[in-house]
Amino acid sequence: MMRSLPIGIFDSGVGGLTVYRALHDRLPNERFVYLGDTARVPYGTKSLATVERYAVENSEFLASLGIKILVVACNTASALALPKIRERIGLDVAGVIGPGGRKAVELTQDIPKPRIGVIATEATVASNAYFDAIRRASDSAEVLQQGCPLFVPLAEEGWTSEPETFSIAAKYLAGMKEFAPDALVLGCTHYPILRDVIQQTVGENVRLIDSGAATAEEVEKLLTEKDLANPNLIEGERKLCDDLDHFYVTDAAERFARVAERFLGTQPSKLEAIEVYGGDQVRQKRDR
Ligand code: DGL
(Lines give C-alpha, C1' and ligand atoms only; values in the text may rest on other atoms or scores of the structure.)
Protein backbone atom coordinates (compact mmCIF):
# COMPACT_ATOMS: atom_id res chain seq x y z
CA MET A 1 0.00 0.00 0.00
CA MET A 2 2.62 2.51 1.22
CA ARG A 3 4.95 1.39 -1.59
CA SER A 4 2.58 2.45 -4.35
CA LEU A 5 2.20 6.00 -2.98
CA PRO A 6 3.99 8.84 -4.80
CA ILE A 7 7.16 10.57 -3.62
CA GLY A 8 6.53 14.14 -2.42
CA ILE A 9 8.88 16.92 -3.56
CA PHE A 10 8.75 20.56 -2.59
CA ASP A 11 10.69 23.63 -3.60
CA SER A 12 10.31 27.37 -3.15
CA GLY A 13 9.22 27.53 -6.79
CA VAL A 14 10.19 26.22 -10.18
CA GLY A 15 13.92 25.51 -9.57
CA GLY A 16 13.18 22.19 -7.86
CA LEU A 17 12.19 20.84 -11.26
CA THR A 18 15.91 20.11 -11.77
CA VAL A 19 15.67 17.77 -8.76
CA TYR A 20 12.37 16.33 -10.04
CA ARG A 21 14.10 15.57 -13.36
CA ALA A 22 16.99 13.80 -11.61
CA LEU A 23 14.56 11.72 -9.51
CA HIS A 24 12.35 10.95 -12.51
CA ASP A 25 15.35 9.82 -14.61
CA ARG A 26 16.68 7.59 -11.84
CA LEU A 27 13.34 6.19 -10.61
CA PRO A 28 11.12 5.65 -13.66
CA ASN A 29 8.90 3.31 -11.69
CA GLU A 30 7.87 5.98 -9.18
CA ARG A 31 5.17 8.66 -9.31
CA PHE A 32 5.82 12.16 -7.97
CA VAL A 33 3.79 14.94 -6.46
CA TYR A 34 5.54 18.32 -6.62
CA LEU A 35 4.74 21.52 -4.76
CA GLY A 36 6.31 24.81 -5.86
CA ASP A 37 5.71 27.60 -3.34
CA THR A 38 5.59 30.25 -6.07
CA ALA A 39 3.59 32.68 -3.91
CA ARG A 40 6.44 32.99 -1.40
CA VAL A 41 9.58 32.48 -3.51
CA PRO A 42 12.47 33.36 -3.04
CA TYR A 43 13.50 31.60 0.16
CA GLY A 44 17.20 32.36 -0.37
CA THR A 45 16.98 35.88 1.06
CA LYS A 46 14.65 35.05 4.00
CA SER A 47 15.26 34.35 7.69
CA LEU A 48 15.46 30.99 9.42
CA ALA A 49 12.09 31.40 11.17
CA THR A 50 10.28 32.26 7.94
CA VAL A 51 11.86 29.48 5.86
CA GLU A 52 11.07 26.97 8.65
CA ARG A 53 7.44 28.04 8.73
CA TYR A 54 6.99 27.86 4.96
CA ALA A 55 8.81 24.53 4.77
CA VAL A 56 6.65 22.95 7.49
CA GLU A 57 3.45 24.18 5.82
CA ASN A 58 4.55 22.80 2.46
CA SER A 59 5.52 19.46 4.01
CA GLU A 60 2.21 19.14 5.86
CA PHE A 61 0.33 19.87 2.65
CA LEU A 62 2.17 17.13 0.75
CA ALA A 63 1.85 14.68 3.66
CA SER A 64 -1.92 15.31 3.68
CA LEU A 65 -2.09 14.10 0.04
CA GLY A 66 -0.54 10.72 0.94
CA ILE A 67 3.15 10.34 0.05
CA LYS A 68 5.66 7.68 1.09
CA ILE A 69 8.72 9.90 1.49
CA LEU A 70 9.42 13.61 1.22
CA VAL A 71 12.28 15.15 -0.78
CA VAL A 72 13.11 18.74 0.08
CA ALA A 73 14.43 19.88 -3.31
CA CYS A 74 15.07 23.46 -2.19
CA ASN A 75 18.65 23.87 -0.97
CA THR A 76 17.70 26.80 1.26
CA ALA A 77 14.87 24.86 2.94
CA SER A 78 17.14 21.81 3.25
CA ALA A 79 19.84 23.95 4.85
CA LEU A 80 17.55 25.69 7.32
CA ALA A 81 14.49 23.61 7.99
CA LEU A 82 15.19 19.85 7.86
CA PRO A 83 15.14 19.35 11.68
CA LYS A 84 11.80 21.21 12.01
CA ILE A 85 10.27 19.27 9.09
CA ARG A 86 11.42 15.93 10.57
CA GLU A 87 9.98 16.92 13.96
CA ARG A 88 6.59 17.61 12.37
CA ILE A 89 6.27 14.95 9.65
CA GLY A 90 6.10 11.25 10.45
CA LEU A 91 7.86 10.28 7.21
CA ASP A 92 11.38 9.79 5.93
CA VAL A 93 12.65 13.14 4.69
CA ALA A 94 15.60 13.60 2.29
CA GLY A 95 17.25 16.97 1.75
CA VAL A 96 19.74 17.90 -0.97
CA ILE A 97 22.62 19.26 1.14
CA GLY A 98 23.92 16.00 2.68
CA PRO A 99 23.92 14.13 -0.66
CA GLY A 100 25.62 17.06 -2.49
CA GLY A 101 28.30 17.43 0.20
CA ARG A 102 28.96 13.68 0.39
CA LYS A 103 29.20 13.37 -3.41
CA ALA A 104 31.80 16.17 -3.52
CA VAL A 105 33.91 14.35 -0.92
CA GLU A 106 33.48 10.99 -2.68
CA LEU A 107 34.61 12.39 -6.03
CA THR A 108 37.72 14.03 -4.56
CA GLN A 109 38.72 11.21 -2.20
CA ASP A 110 41.98 10.50 -4.08
CA ILE A 111 43.20 14.04 -3.40
CA PRO A 112 44.94 14.32 0.01
CA LYS A 113 43.65 17.82 0.84
CA PRO A 114 40.78 18.41 -1.58
CA ARG A 115 39.48 21.90 -2.22
CA ILE A 116 35.70 21.97 -2.47
CA GLY A 117 33.78 25.05 -3.56
CA VAL A 118 30.09 25.62 -2.87
CA ILE A 119 27.85 28.12 -4.65
CA ALA A 120 24.36 28.72 -3.28
CA THR A 121 21.84 31.33 -2.12
CA GLU A 122 22.79 33.84 0.57
CA ALA A 123 20.77 31.99 3.23
CA THR A 124 22.31 28.60 2.37
CA VAL A 125 25.82 30.07 2.51
CA ALA A 126 25.10 31.85 5.82
CA SER A 127 23.77 28.62 7.37
CA ASN A 128 27.09 26.80 6.69
CA ALA A 129 25.03 23.66 6.05
CA TYR A 130 27.20 22.55 3.10
CA PHE A 131 30.36 23.32 5.04
CA ASP A 132 29.10 21.12 7.90
CA ALA A 133 28.02 18.29 5.55
CA ILE A 134 31.43 18.28 3.83
CA ARG A 135 33.20 18.39 7.21
CA ARG A 136 31.20 15.40 8.45
CA ALA A 137 32.40 13.40 5.42
CA SER A 138 36.01 14.67 5.39
CA ASP A 139 38.18 16.39 7.96
CA SER A 140 40.83 17.36 5.43
CA ALA A 141 38.75 19.17 2.80
CA GLU A 142 39.15 22.92 2.44
CA VAL A 143 35.85 24.63 1.68
CA LEU A 144 35.04 27.99 0.09
CA GLN A 145 31.41 29.14 -0.21
CA GLN A 146 30.04 31.88 -2.45
CA GLY A 147 26.52 33.28 -2.77
CA CYS A 148 25.36 33.85 -6.38
CA PRO A 149 21.81 35.23 -5.96
CA LEU A 150 21.47 36.65 -9.50
CA PHE A 151 21.84 33.17 -10.99
CA VAL A 152 18.24 32.40 -9.95
CA PRO A 153 16.49 35.03 -12.14
CA LEU A 154 18.99 34.51 -14.96
CA ALA A 155 18.15 30.80 -15.09
CA GLU A 156 14.41 31.54 -15.00
CA GLU A 157 14.81 34.05 -17.85
CA GLY A 158 16.57 31.36 -19.85
CA TRP A 159 19.74 33.50 -20.15
CA THR A 160 22.00 30.49 -20.33
CA SER A 161 24.58 31.81 -22.80
CA GLU A 162 24.14 35.62 -22.86
CA PRO A 163 27.27 37.78 -22.43
CA GLU A 164 25.61 39.42 -19.37
CA THR A 165 25.36 36.03 -17.67
CA PHE A 166 29.04 35.32 -18.37
CA SER A 167 30.08 38.67 -16.95
CA ILE A 168 27.97 38.19 -13.78
CA ALA A 169 29.43 34.69 -13.40
CA ALA A 170 32.96 36.05 -13.83
CA LYS A 171 32.32 38.59 -11.07
CA TYR A 172 30.78 36.12 -8.60
CA LEU A 173 33.30 33.38 -9.31
CA ALA A 174 36.55 35.38 -9.39
CA GLY A 175 37.45 34.36 -5.82
CA MET A 176 36.39 30.78 -6.53
CA LYS A 177 38.67 30.62 -9.57
CA GLU A 178 41.56 31.82 -7.45
CA PHE A 179 40.72 29.15 -4.82
CA ALA A 180 41.00 26.62 -7.72
CA PRO A 181 38.55 24.03 -6.41
CA ASP A 182 38.84 20.36 -7.35
CA ALA A 183 35.04 20.13 -7.15
CA LEU A 184 32.32 22.76 -7.10
CA VAL A 185 28.89 22.00 -5.61
CA LEU A 186 25.95 23.54 -7.45
CA GLY A 187 24.14 24.22 -4.17
CA CYS A 188 20.96 25.78 -5.53
CA THR A 189 18.16 24.27 -7.57
CA HIS A 190 18.65 26.69 -10.47
CA TYR A 191 22.38 26.37 -10.99
CA PRO A 192 22.35 23.18 -13.13
CA ILE A 193 20.50 25.28 -15.74
CA LEU A 194 23.60 27.54 -15.91
CA ARG A 195 26.02 24.60 -15.84
CA ASP A 196 27.84 25.52 -19.08
CA VAL A 197 28.42 29.14 -18.04
CA ILE A 198 29.67 28.04 -14.61
CA GLN A 199 31.93 25.33 -16.08
CA GLN A 200 33.49 27.70 -18.61
CA THR A 201 34.00 30.35 -15.93
CA VAL A 202 35.74 28.16 -13.34
CA GLY A 203 37.59 26.02 -15.89
CA GLU A 204 36.97 22.66 -17.53
CA ASN A 205 39.08 20.78 -14.98
CA VAL A 206 36.72 21.56 -12.05
CA ARG A 207 34.19 18.79 -11.33
CA LEU A 208 30.71 20.21 -10.98
CA ILE A 209 28.50 18.41 -8.46
CA ASP A 210 24.75 18.45 -9.07
CA SER A 211 23.12 18.08 -5.65
CA GLY A 212 19.84 16.99 -7.27
CA ALA A 213 21.48 14.06 -9.05
CA ALA A 214 23.33 13.08 -5.86
CA THR A 215 20.02 13.21 -3.97
CA ALA A 216 18.31 10.96 -6.53
CA GLU A 217 21.02 8.33 -5.96
CA GLU A 218 20.51 8.46 -2.20
CA VAL A 219 16.72 8.40 -2.51
CA GLU A 220 16.99 5.22 -4.61
CA LYS A 221 19.05 3.60 -1.81
CA LEU A 222 16.61 4.82 0.84
CA LEU A 223 13.64 3.29 -1.00
CA THR A 224 15.45 -0.06 -1.17
CA GLU A 225 16.55 0.03 2.48
CA LYS A 226 13.06 0.87 3.71
CA ASP A 227 11.37 -1.52 1.28
CA LEU A 228 9.43 1.41 -0.18
CA ALA A 229 10.17 1.03 -3.92
CA ASN A 230 7.02 0.73 -6.02
CA PRO A 231 6.50 -2.98 -6.74
CA ASN A 232 3.92 -2.40 -9.49
CA LEU A 233 5.81 -1.83 -12.72
CA ILE A 234 4.63 1.24 -14.57
CA GLU A 235 3.99 0.12 -18.12
CA GLY A 236 5.05 2.06 -21.19
CA GLU A 237 7.66 4.78 -21.43
CA ARG A 238 7.73 7.36 -18.65
CA LYS A 239 7.96 10.95 -19.78
CA LEU A 240 8.79 14.03 -17.72
CA CYS A 241 5.59 15.76 -16.57
CA ASP A 242 3.32 12.98 -17.83
CA ASP A 243 -0.04 12.54 -16.15
CA LEU A 244 1.31 10.12 -13.52
CA ASP A 245 2.94 13.11 -11.81
CA HIS A 246 0.92 15.88 -10.19
CA PHE A 247 2.15 19.45 -9.79
CA TYR A 248 0.86 22.07 -7.36
CA VAL A 249 1.84 25.72 -7.08
CA THR A 250 0.80 28.38 -4.58
CA ASP A 251 0.54 31.10 -7.26
CA ALA A 252 1.04 31.98 -10.94
CA ALA A 253 0.56 28.54 -12.47
CA GLU A 254 0.92 29.90 -15.98
CA ARG A 255 4.36 31.31 -15.31
CA PHE A 256 5.37 28.05 -13.62
CA ALA A 257 4.33 26.14 -16.75
CA ARG A 258 6.29 28.53 -18.98
CA VAL A 259 9.49 28.24 -16.96
CA ALA A 260 8.98 24.47 -16.67
CA GLU A 261 9.03 24.32 -20.47
CA ARG A 262 12.33 26.20 -20.43
CA PHE A 263 13.87 23.94 -17.76
CA LEU A 264 12.48 20.56 -18.85
CA GLY A 265 11.39 21.07 -22.44
CA THR A 266 7.83 20.21 -21.45
CA GLN A 267 4.96 21.42 -19.25
CA PRO A 268 3.15 19.54 -16.47
CA SER A 269 0.02 17.81 -17.72
CA LYS A 270 -1.50 18.03 -14.24
CA LEU A 271 -0.97 21.45 -12.65
CA GLU A 272 -3.14 23.04 -9.96
CA ALA A 273 -2.88 26.28 -7.98
CA ILE A 274 -3.62 25.83 -4.25
CA GLU A 275 -2.95 27.52 -0.91
CA VAL A 276 -1.01 26.00 1.97
CA TYR A 277 -1.44 28.15 5.04
CA GLY A 278 -1.34 28.04 8.78
CA GLY A 279 -1.00 24.32 9.52
CA ASP A 280 -4.53 23.48 8.33
CA GLN A 281 -4.13 23.03 4.67
CA VAL A 282 -6.59 25.11 2.78
CA ARG A 283 -6.84 23.53 -0.62
CA GLN A 284 -8.46 25.94 -2.87
CA LYS A 285 -8.40 26.02 -6.60
CA ARG A 286 -7.30 29.30 -8.03
CA ASP A 287 -7.56 30.65 -11.51
CA ARG A 288 -4.58 29.78 -13.61
N1 DGL B 1 15.17 26.87 -4.50
C2 DGL B 1 16.12 27.79 -3.91
C3 DGL B 1 17.37 27.01 -3.48
O4 DGL B 1 17.68 25.95 -4.00
C5 DGL B 1 16.49 28.90 -4.86
C6 DGL B 1 15.39 29.92 -5.07
C7 DGL B 1 15.03 30.67 -3.80
O8 DGL B 1 15.81 31.49 -3.32
O9 DGL B 1 13.97 30.36 -3.26
O10 DGL B 1 18.05 27.44 -2.60
Side-chain angles (χ1 to χ4, degrees), residues 8-23 34-59 62 70-82 84-85 93-101 103-104 117-133 145-160 168 172 184-195 198 208-216 247-252 255-256 259-260 262-264 276:
I9 307 172
F10 88 79
D11 179 48
S12 55
V14 70
L17 290 177
T18 59
V19 181
Y20 160 72
R21 176 173 51 199
L23 286 161
Y34 180 103
L35 171 65
D37 192 8
T38 44
R40 305 187 288 191
V41 71
Y43 285 10
T45 48
K46 296 199 168 73
S47 68
L48 170 70
T50 299
V51 173
E52 275 186 344
R53 179 160 60 81
Y54 292 174
V56 166
E57 287 172 359
N58 297 339
S59 306
L62 285 171
L70 175 67
V71 179
V72 181
C74 179
N75 286 257
T76 307
S78 296
L80 272 57
L82 273 192
K84 252 293 179 291
I85 297 170
V93 181
V96 289
I97 305 274
K103 184 51 95 183
V118 176
I119 52 175
T121 64
E122 286 169 71
T124 300
V125 167
S127 75
N128 276 326
Y130 269 110
F131 179 85
D132 294 342
Q145 304 182 88
Q146 172 67 51
C148 304
L150 290 174
F151 283 179
V152 168
L154 288 170
E156 292 195 10
E157 282 297 307
W159 286 23
T160 52
I168 289 168
Y172 277 145
L184 178 64
V185 180
L186 306 179
C188 173
T189 47
H190 291 65
Y191 298 0
I193 305 292
L194 299 180
R195 194 184 176 102
I198 295 166
L208 299 189
I209 312 293
D210 180 338
S211 286
T215 302
F247 293 79
Y248 295 93
V249 288
T250 52
D251 197 13
R255 179 174 191 276
F256 182 89
V259 183
R262 222 170 255 159
F263 281 16
L264 302 178
V276 285

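Read the numbers this way: they start at 1 and go in the same order the structure lists the ligands and their atoms. Keep in mind that what you see is a predicted model, and the values were worked out from it rather than measured.
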* Ala104 and Val185: which non-hydrogen atoms are nearest, and at how many Å? -> CB-CG2, 3.7 Å

* To do: Flag the pair Arg40 and Glu57 as a salt bridge only when some basic side-chain nitrogen lies within less than 4.0 angstrom of an acidic carboxylate oxygen.
  => yes

* Between Tyr43 and Tyr54, is the gap from one ring center to the other below 6.0 Å? -> yes

* Structure fact -> At a 4.0 angstrom heavy-atom cut-off, ligand 1 is contacted by Asp11, Ser12, Val41, Pro42, Tyr43, Gly44, Cys74, Asn75, Thr76, Thr121, Cys188, Thr189, His190

* How many angstroms lie between atom CD1 of Ile97 and atom OG1 of Thr76, to the nearest 0.5 angstrom? -> 7.5 Å

* To do: For Arg21 and Phe263, indicate whether the former's side chain and the latter's backbone hold a donor-acceptor pair under 3.5 Å.
  => yes

* Are Thr124 and Thr121 linked by a side-chain donor-acceptor pair shorter than 3.5 Å? -> yes

